2 protein chains.
Amino acid sequence: MAHATIRDVAREADVSVASVSRVLNGHSNVRPAVRERVQAVAAALGYVPHAGARNLSLARTNAIGVMLPDLHGEFFSETARGIDSEASARGLQLLLSNAHANPARAIETLRTMRGRVDGVIIMAPDLDPEQLFEHLPPSLPAVLINCCGNVQGRAELRVDNVAGAEAMVEHLVSTGRRRIVHLAGPDGNSEAQARVAGYCAAMARHGLAPRILPGDFFEEAGTAAAEELLRELDGPEAPDALFAANDMMAIGAMMRFRRAGVAVPGRIAIAGFDDVPLARLISPALTTMRVGIAGIGARAVVRLTALIAGGHDHAVEPRTPELIVRETTWSTINTEQPASRE
Amino acid sequence: MAHATIRDVAREADVSVASVSRVLNGHSNVRPAVRERVQAVAAALGYVPHAGARNLSLARTNAIGVMLPDLHGEFFSETARGIDSEASARGLQLLLSNAHANPARAIETLRTMRGRVDGVIIMAPDLDPEQLFEHLPPSLPAVLINCCGNVQGRAELRVDNVAGAEAMVEHLVSTGRRRIVHLAGPDGNSEAQARVAGYCAAMARHGLAPRILPGDFFEEAGTAAAEELLRELDGPEAPDALFAANDMMAIGAMMRFRRAGVAVPGRIAIAGFDDVPLARLISPALTTMRVGIAGIGARAVVRLTALIAGGHDHAVEPRTPELIVRETTWSTINTEQPASRE
DNA sequence: CTGTTAGCGCCTTCAG
DNA sequence: CTGAAGGCGCTAACAG
């Protein structure tokens, strides 16, 4: 049995479709008797309005599109969570699509969102903005998050990754570190590039030689970097700090150092970037730059809502990351020797 | 400037809308000259088809609705990730809605999905199934995940929480634990209830006295439970294991014990449930029951796709959690004393 | 208060 | 190969 339509209800209740529509949308100009009859019939038929049709005729969907690079890892799930909490507080549904770093698919996705959402939130640090924005319908409200090359003057939220990376280097230097190695994010990623830039600038300011290891934001890259550094830890040029471009890589490195029995931060300090929830739970807790991931997502929804309501917003809203120093060291953790059981 | 419509393109290209439609959808029966002209005009006008209208006339959306209890915590983001990866591999978009444990809103959400998605995936362990399913349009394809009271014979994936909890108790007992305390999930949650049941059954089988602390699946509940147990740790009835109904609570407890300087698992063993990604990264690494969260999400998409394609599927597919024993102890971690800096 | 009518933007027979 | 016309399901004037 197919779905009942508004026409079925109208016929059964012996009224016009207009009246059914009025009842269902809570308009007041309907005689109580008619209202009740319509409601009864609708319930009996198991009628559920076809939201798609409704959207078409209202030219309004109450949904927003969200394009994220990937849903893997805590960074993006935190963003999604921030967006979701604000969206659901406003009764908006979310049409999610991850771009998987594939420009063609990203564009295709944007196109299939047209007419299904009232606006979009786009986070695409790894996509060529030229291509992307060319296919962004100008009349589609959009809020960008960390999109390099926002040429159309779109509303945007942009984390100051350069300043963040500089701040972290300053912190490491202030605690006595000198041989600070940076583990970078993926090549084509504008955020990763900015963090490298900040790192280099701050190192130069202190007359320190930069050293950059390639990475990709994944845990395994941290593991690999740690393995490389492990070989040098007893040498004359031993690094005394590893500053990873994101938390997951920092954690990968930390796990590897731990497995090798290297004291962190005793022998080598480790710092991350993002402050994902995990950073606080790992031990030793991770010193990192907090970007307020979920808050950015929520803020994007707020601005998008205003845009959809007809507002104008061409601002690039800067977000400055905050240094989070976590001082947990082994000594405060392991106050008691393990009882070996079995 | 508003969006161009198919009619604008037709007018500018001096052809009928039918021809434009054919060109845009790659039909072959169009003269090359016409095809090119239409494509040129469409590009010039920045025309993007209105997906909503397309869906209406095709009665097909290529989107699936996803209703999760909440996007907070790794459990649900993992589920979402599994769903997302499988969905995007199939070119499906996701319409996300979290129910926030509010039955009325959940029903409302389900209704607004009608006509906007081809099918839905529902995970609602905390909702009254009577109410929920009554409002689930029978003709809407759906796959349920861990929904108690699946009265309509809907396709479902169900984790065997009872067996999982039993297995964990068996494991703890086999490693010599006797005073095993269970930290439960929220009251109205069917998964939490099943885990309690499994715990009690296994305890009874060994003639052990069950003890259940109230919880809610959040980290803080774990903290609170640990504080309660801390007071008893030196007493004659000191518990020797805490089995939390999910990983986050287990982690909360572990953090609290660590802060108090209590050796884990030396003084007290801690076990969780779910095997969220975090469980492996925490230290000591968490022993837990793996339910294959992302895999369940992916599998749900596969089954839903078949259902949408017209298949029949009334099966309840069982998933048995797998015991993951992680043996990391402090001694293997802290092989080196911290160098105190500063 | 209620019904009729005209779309929303697109796709798809059905003729030509 | 192409155009005209009807319809997807619903809402919103516009008359009664």
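Fair warning: this is a prediction, and the values are worked out from it, not measured in the lab.
Heavy atoms of B:V15 sit under 4.0 angstrom from primed sugar atoms or phosphate atoms, though from no base atom. Among the protein residues, A:A59 comes within range of no part of the nucleic acid, since none of its heavy atoms lies under 4.0 Å from any strand.
An OP1 or OP2 oxygen of D:dG3 is reached within less than 4.0 angstrom by a side-chain nitrogen or oxygen of B:S19.
Residue B:R37 contributes atom CZ, which lies 12 Å from atom C1' of D:dT2 at whole-angstrom precision. Distance A:E36 CD to C:dC1 P: 14 Å, rounded to the nearest Å. D:dC1 atom P lies 19 Å from atom CG of B:D14, rounded to whole Å. To the nearest angstrom, P of C:dC10 lies 15 Å from CG of A:N55.
Checked by atom type and distance alone, the side chain of A:E156 pairs as donor or acceptor with a backbone atom of A:C147 at under 3.5 Å. Judged by distance alone, with hydrogens and angles left aside, the side-chain atoms of B:H27 form no donor-acceptor pair with the main-chain N or O of B:N29 at under 3.5 Å. Although no hydrogens or angles enter the test, the distance criterion places a donor-acceptor pair under 3.5 Å between the side chain of B:R37 and the main chain of B:A13. A distance-only check finds a donor-acceptor pair linking the side chain of B:N189 to the backbone of B:E191 [under 3.5 Å]. Not a single donor-acceptor pair under 3.5 Å links the side chain of B:T79 to the backbone N or O of B:I293.
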Give the intermediate values and the outcome of salt bridge (charged side-chain N to carboxylate O under 4.0 Å, His left out) for residues B:E317 and B:R158. CA-CA 6 Å; B:E317 184 176 324; B:R158 195 180 292 171; over 6 Å; no
Could you give me the CA-CA distance, side-chain angles and deciding distance for A:N55 and B:R116, then say whether side chain to side chain donor-acceptor pair (under 3.5 Å) is met? CA-CA 9 Å; A:N55 295 160; B:R116 311 194 55 183; 3.3 Å; yes
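In this structure, a donor-acceptor pair under 3.5 Å is present between the side chains of A:R114 and B:H3.
A heavy atom closer than 4.0 Å to some atom of DNA chain C occurs in A:R22, A:N29, A:V30, A:R31, A:V34, these being the qualifying members of residues 22-35 of chain A.
Toward the 5' end of DNA chain D, the nearer of the two residues A:A18 and B:V17, judged by each one's closest nucleotide, is B:V17.
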Could you list, one pair per line, each protein nitrogen or oxygen that sits under 3.5 Å from a nitrogen or oxygen of nucleotides 7-9 of chain D, together with the distance?
residue, atom, partner, partner atom, Å
D:dC8, OP2, A:R7, NH2, 3.4
D:dC8, O2, B:S57, N, 3.4
D:dG9, N2, A:A53, O, 3.4

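Sequence neighbours left out, the pairs with a member in residues 49-62 of chain B that pass salt bridge (charged side-chain N to carboxylate O under 4.0 Å, His left out) are B:R60-B:D118.
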